[in-house]
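For reference, the structure discussed in these notes is given below.
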Amino acid sequence: MHQVLFCSGHGEERVGDQGEGRGVVKSTLRWPQRVLFNWVLFHARRAVKHRENLRFSRTKLFGVFRTLFRAIGHNLVQLHLLKDRQDVFYLTVEEICAFVDGRAVSTDLAGLVELRRREYDEYRKGLSPPERFMLRGACGPYFLFPQLLDDLNLLKQHESDASLDPNVLRGIPCCPGVVEGVVRVVTSIKETEGLNGEILVTAKTDPGWVPLYPLCSGLVIERGRY
């Protein structure tokens with residue numbers, strides 16, 4: 001599949017030219033206003049830097065915690081409570097801590113894993129919930145009948161106004177320019193093996209996908225912020 005990815009419009013306007021922006025500020029604002037503007041700009045840039053550093057540190061912590069929980073899973077396998085160390089990720093932190101403390105409601109951890117695995121398989125096969133929706137009353141029943149969430153989609157009108165051409169996708173660009181290349185559509189990170197310059201298309205990403213970004217020429221996602 002070949003696709004041309006256009007990133008222009010509002011994204012390009014936001015990037016702009018710094019030199020031109022400084023000229024506009026200088027010609028529009030008076031001296032006291034420019035002082036205040038520069039003060040706000042300085043602190044805004046510093047806050048953005050700290051925010052990105054925090055997100056980067058958080059991303060690194062994900063790897064540390066996964067290593068810790070794999071070790072816990074390995075110990076549970078040695079106790080014949082789990083079949084594989086990766087099964088530990090089907091348990092909640094509270095369930096693991098309760099078992100360690102001796103206050104677990106059930107010691108059948110393998111049974112809990114199988115239950116969660118079946119539930120997750122059903123969830124993965126089911127309909128994806130809308131990006132924005134509002135629930136009324138008890139929330140639990142809505143997730144038993146996910147098709148009801150479509151009636152509560154707050155962006156339904158916006159989505160209906162989008163292009164009806166299946167070959168055109170509209171979205172919010174994060175950088176200007178045009179990218180042309182082969183598209184690879186994946187549903188999980190396991191399907192990205194051998195990625196080499198294609199335009200990567202997927203539903204959503206998380207910090208685990210970050211190492212793949214230099215390997216693709218473009219990225220299209222439905223939702224996510226990484």
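Computed from a predicted model, the values in this text were never measured in an experiment. Just so you know, these numbers use all the heavy atoms, side chains as well, and skip hydrogens, waters and symmetry mates.
- Here Leu36 is tied into one hydrophobic group with Trp39, Val40, each link being a pair of ILVMFWY side chains closer than 4.5 Å.
- Cation-pi contact between Arg66 and Phe89: present, with separation from the ring centre below 6.0 Å and deviation from the ring axis of at most 45°.
- By the rule that hydrophobic residues join a cluster once side-chain heavy atoms approach within less than 4.5 Å of another member, Leu219 and Ile189 end up as members of one cluster.
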Distance-only donor-acceptor pairs under 3.5 Å for side chains of residues 69-83, two or more places apart:
| residue | atom | partner | partner atom | Å |
| --- | --- | --- | --- | --- |
| Arg70 | NE | Gln86 | OE1 | 2.9 |

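- Looking at Thr202 and Val185, their side chains never come closer than 4.5 Å, going by heavy atoms from C-beta outward.
- Note: the hydrophobic cluster containing Phe37 does not contain Val35 (ILVMFWY, side chain heavy atoms under 4.5 Å, direct or indirect links).
- Although no hydrogens or angles enter the test, the distance criterion places no donor-acceptor pair under 3.5 Å between the side chain of Glu95 and the main chain of Leu91.
- Side-chain contact between Thr92 and Arg116 is present, with heavy atoms from C-beta onward closer than 4.5 Å.
- For the atom pair Trp209 CH2 and Leu200 CG, the distance stands at 6.0 Å (nearest 0.5 Å).
- For Thr67, the side chain to side chain donor-acceptor pair (under 3.5 Å) test picks out no residue, with sequence neighbours left out.
- By the 6.0 Å contact criterion, CZ on Arg30 is open, its count of non-hydrogen atoms from other residues, nucleotides or ligands being 12 or less.
- Around CG of Asn196, the count of heavy atoms belonging to other residues, nucleotides or ligands within 6.0 Å does not exceed 12.
- Scored by the side chain to side chain contact (heavy atoms under 4.5 Å, CB included) test, Asp121 finds Arg117, Arg124 as partners (sequence neighbours excluded).
- Hydrophobic cluster membership is shared by Val186 and Val210, with clusters built from Ile, Leu, Val, Met, Phe, Trp and Tyr side chains linked at under 4.5 angstrom.
- Follow the hydrophobic side-chain contacts under 4.5 Å out from Val93 and you reach Val113 in the same cluster.
- Remark: Glu52 pairs with Arg55 by the salt bridge (charged side-chain N to carboxylate O under 4.0 Å, His left out) rule, at least two apart or across chains.
- Alongside Leu54, the hydrophobic cluster contains no other residue (criterion: ILVMFWY side chains under 4.5 Å).
- The closest side-chain heavy-atom distance from Tyr90 to Leu115 is not below 4.5 Å.
- Judged by distance alone, with hydrogens and angles left aside, the side-chain atoms of Arg34 form a donor-acceptor pair with the main-chain N or O of Leu29 at under 3.5 Å.
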